[in-house]
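I have placed the structure first, in the form of structure tokens, so that the comments after it can refer back to it.
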There are 2 protein chains.
Amino acid sequence: MKRKITLKQIAKELDVSVSTVSKALKDSREISIDTKDKVKAFAKLYNYKPNNIALSLKNRKTKTIGIIIPEIVHYFFTTVIQGIEHVANEKGYNVIICLSNNSFDKEVLNLEFLANGSTDGFILSVAKETQQKEDYHHINEVISQGMPVVMFDRVIDEVICDKVIISDKHGAFEAVQYLIDQSCKKIALISTVDYVSVGKLRTEGYQEALITNDIPINPELILKIEDVDHSEERIEAFFSDKDIDAVFAVNEKFAVNAIKALTKLGKKIPDDISVIGFTDGVVSKSFIPSLSTVNQHGEEMGAKAASLLIDRLEDKVHEQSFQTTVLNTSLIIRDSVKRKTDSL
Amino acid sequence: MKRKITLKQIAKELDVSVSTVSKALKDSREISIDTKDKVKAFAKLYNYKPNNIALSLKNRKTKTIGIIIPEIVHYFFTTVIQGIEHVANEKGYNVIICLSNNSFDKEVLNLEFLANGSTDGFILSVAKETQQKEDYHHINEVISQGMPVVMFDRVIDEVICDKVIISDKHGAFEAVQYLIDQSCKKIALISTVDYVSVGKLRTEGYQEALITNDIPINPELILKIEDVDHSEERIEAFFSDKDIDAVFAVNEKFAVNAIKALTKLGKKIPDDISVIGFTDGVVSKSFIPSLSTVNQHGEEMGAKAASLLIDRLEDKVHEQSFQTTVLNTSLIIRDSVKRKTDSL
DNA sequence: TTGTAAGCGTTATCAA
DNA sequence: TTGATAACGCTTACAA
């Protein structure tokens with residue numbers, strides 16, 4: 001077992017000082033060619049690599065980005081991470097991921113821990129519980145300590161920092177508008193409870209589309225689900241007595257469960273009822289009928305968040321001006337929607 | 001902007017020495033109650049938290065685990081991470097994730113970088129390219145430097161370390177045996193190219209099941225796919241001239257594509273043809289017909305890998321004895337398989 | 001051209 | 001009971 005070699009050891013072996021070794025390896029011209037060659041050869045032979053921890057301590061920067069997300073077993077977050085990783089690596093940063101599991105306490109712990117020297121800044125999407133509690137002291141705390149934070153997807157208006165979101169409302173609007181354009185009139189909405197910011201925004205988009213088209217909002221056609229794990233039964237019960245011609249669901253799972261429930265009730269998708277979901281995941285693509293969705297472009301989101309953060313870390317941006325980047329969604333129409341032309 | 005406070009600053013403010021502060025905060029009984037109270041109060045007021053980087057340097061351990069995986073947009077890996085995270089956090093470790101994107105070079109870079117002080121040990125699943133090249137010097141290198149490594153899923157026999165795998169071969173065997181038990185006789189296999197270790201093992205399980213049941217292995221019924229991205233077309237073409245009554249696919253994607261292709265060809269699943277896949281992901285559950293699969297228990301795998309690694313890090317295990325943990329798979333039978341009893 | 005010393009934030013040893 | 005000092009591995013201003 002050959003432990004990693006340090007400057008000190010090289011210095012000792014070669015009978016020079018530590019600073020000489022350090023300088024030689026950096027090709028400083030303070031050092032003679034001879035010594036440089038000698039040192040470099042030796043370093044190479046023993047595969048010397050500087051210790052990151054020591055460098056971090058010295059430079060007071062770690063070159064790592066902390067990501068805190070509610071869950072990882074989730075296609076969308078996974079694509080965001082991919083986007084972050086890509087940009088971060090390109091710019092010489094590493095990425096450390098912590099999961100809040102949607103728990104406020106764990107989010108606080110993670111943030112505090114990582115803020116104590118482990119990372120230079122954060123990219124985060126807050127836990128459901130945090131949105132509910134409306135307690136953001138932990139985030140404001142790290143910001144006030146001078147660590148840049150970029151929020152994405154589930155962002156908090158009250159926290160002042162850079163943000164990357166998609167136009168949830170507009171994405172929902174477009175989807176519902178599309179349904180209306182295909183002559184749908186009785187459009188149900190399956191959403192989450194309102195404290196989940198994206199759920200709320202998507203609900204607003206739905207409502208706005210209806211209003212714009214002079215369709216009255218019928219609260220009977222709106223289902224708000226609290227407990228995602230039992231959404232299937234909820235949705236089934238909900239549909240059992242409804243007369244509808246389309247469904248807009250605020251996530252993939254709800255959309256799939258809607259199709260299943262409707263199929264059970266003897267409805268044909270898309271012939272009897274059209275369905276559009278939000279979030280374009282693996283399931284949407286492979287489902288039969290393949291699911292029409294609002295694509296959130298997670299990777300792009302991650303990439304944008306990472307470059308915003310890194311720009312701040314490298315002081316490429318004015319101290320006080322924070323920006324909220326709104327990324328466009330795009331509507332992907334697949335087989336779960338009955339198109340007007342189809343019926344001709 | 002209030003920067004994080006350090007021991008030194010506390011010492012200065014309180015006009016005591018740094019070591020006194022350090023000891024006071026650790027409740028050392030060398031220090032008088034009075035000073036302790038004073039120091040603690042001040043520390044609390046300023047929200048003092050020790051700097052992890054300094055601690056890492058001092059203790060020569062970082063309390064973080066490096067995870068290197070080929071990709072993250074992948075349900076299985078995601079569940080493994082979940083399992084690792086869970087155990088790691090419980091034992092006070094953090095987790096830093098790097099993606100190799102299946103590239104040998106990036107795997108080497110990641111490993112080298114993290115090995116220079118950033119982590120205490122590794123949990124890794126090697127890149128496809130690495131398996132192909134059969135070059136494992138980078139892994140052996142970190143091991144020889146005294147950093148424990150635990151490999152999972154895609155492991156390398158030649159590298160001596162702890163490993164966690166599932167019984168790929170046995171899982172495949174069981175799946176195929178199940179098909180045979182349901183009276184299937186012409187069972188096709190959709191696999192990957194052989195250098196992907198798990199693909200090879202699952203293929204072996206398939207073959208063994210046939211042999212055990214005196215069914216001749218028909219190479220015509222075996223498809224090995226190199227380019228996952230275009231698997232759909234390949235599978236379609238493959239099936240067009242085959243007479244089969246069942247399909248065993250080595251992953252979820254292939255299974256789904258098989259069902260799609262067969263459906264296109266006018267076959268009914270499961271009535272005409274039964275399908276079983278490997279890896280139980282989101283798609284399997286929601287697909288219609290829901291997919292029968294060999295469940296890999298990713299979370300369990302991650303948890304096991306993490307505890308093996310942490311045991312090594314904390315010297316709870318004998319230096320030289322490395323173990324390979326073989327986790328059992330479990331067969332989940334859903335609608336994509338026609339059961340014998342169904343036909344009675 | 002090389003070396004000394006201080007410092008990044010902590011802890012541990014030893015002396016006062 | 002408190003404090004000075006060295007050390008973890010590295011960089012850099014300054015001295016020799």
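Letters A, B, ... are given to chains in the order of the sequence lines, protein chains preceding strands, and every chain is numbered from 1. Excluded from the calculations below are hydrogen atoms, water molecules and symmetry mates; all remaining heavy atoms, backbone and side chain alike, are included. For clarity, every value in this text was computed on a predicted model and none was experimentally measured.
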- Message: Classify A/Ser32 by what it touches in the nucleic acid, base, sugar-phosphate, or nothing, heavy-atom distance under 4.0 Å.
- Response: sugar-phosphate
- Task: Send over the distance from A/Arg3 CZ to D/dC8 C1', rounded to a whole Å.
- Result: 13 Å
- NZ/NE/NH1/NH2 to OD/OE distance under 4.0 Å, B/Lys304 and B/Glu299: no
- Check whether any side-chain nitrogen or oxygen of A/Lys26 sits under 4.0 Å from OP1 or OP2 of D/dT11, and answer yes or no. yes
- Report yes if the side chains of B/Asn51 and B/Thr6 come closer than 4.5 Å at any heavy-atom pair, otherwise no. no
- Between A/Lys4 (NZ) and D/dC8 (C1'), how many Å, whole number? 16 Å
- Query: Has the side chain of B/Ser19 got a donor or acceptor that lies under 3.5 Å from a partner of the other kind on the base of D/dA4?
  - Reply: yes
- The nucleotide from D/dC10, C/dG9, D/dT2 with an atom nearest the side chain of B/Asn51 is C/dG9
- Once you round it to whole Å, what is the distance between P of D/dT2 and CD1 of B/Ile33? 11 Å
- Query: Counting side-chain heavy atoms from C-beta on, which of C/dT10, D/dT1, C/dG3 comes nearest to A/Glu30?
  - Reply: C/dG3
- Task: Answer with base, sugar-phosphate or nothing: what part of the nucleic acid does B/Ser56 contact at a heavy-atom distance below 4.0 Å?
- Result: nothing
- Message: Which is more 5' along DNA chain C, the nucleotide nearest A/Lys36 or the one nearest A/Lys58? Just name the residue.
- Response: A/Lys36
- Short side-chain N/O contact from B/Arg60 to OP1 or OP2 of D/dA7, under 4.0 Å: no
- Note on the structure: When rounded to whole Å, the CG to P distance for the pair A/Leu14 and C/dT2 reads 11 Å
- A/Lys63 NZ to C/dC8 P: how many Å, rounded? 22 Å
- Task: Identify whether any heavy atom of A/Val18 sits under 4.0 Å from a base atom; if not, whether one sits that close to sugar-phosphate; answer base, sugar-phosphate or nothing.
- Result: base
- Query: Are OP1 or OP2 of D/dC8 and a side-chain N or O of A/Lys8 less than 4.0 angstrom apart?
  - Reply: yes
- Message: Rounding to an integer number of Å, can you tell me how far A/Gln9 CD sits from D/dA7 P?
- Response: 15 Å
- Message: Whether the side chain of A/Lys61 engages the backbone of A/Leu57 through a donor-acceptor N/O pair (distance < 3.5 Å, no angle test) should be reported.
- Response: no
- Query: Is there a side-chain polar atom (N or O) of A/Ser17 under 4.0 Å from OP1 or OP2 of C/dT2?
  - Reply: no
- Side-chain donor-acceptor pair under 3.5 Å between A/Ser19 and A/Ser22, yes or no? no
- Note on the structure: With the side chain defined as heavy atoms from C-beta on, B/Lys23 is closest, among C/dT13, C/dT1, D/dG9, to C/dT13
- Of the nucleotides D/dT1, D/dT11, D/dG9, which one has an atom closest to the side chain of A/Ala54? D/dG9
- Item | 5'-most by nearest nucleotide on DNA chain D - B/Ile31 or A/Lys49 | B/Ile31
- Item | Residue met sooner reading DNA chain D from 5', once A/Leu7 and B/Thr20 are mapped to nucleotides | B/Thr20
- Is it true that the side chains of A/Asn47 and B/Glu141 contain a donor and an acceptor less than 3.5 Å apart? yes
- Task: Return the value, rounded to whole Å, for the distance between atom OH of B/Tyr48 and atom C1' of C/dG9.
- Result: 7 Å
- Check whether the side chains of B/Glu107 and B/His138 place a donor and an acceptor atom closer than 3.5 Å, and report yes or no. yes
- Please state how far atom CG in A/Asn59 lies from atom P in D/dG9, giving the value in whole angstrom units. 16 Å
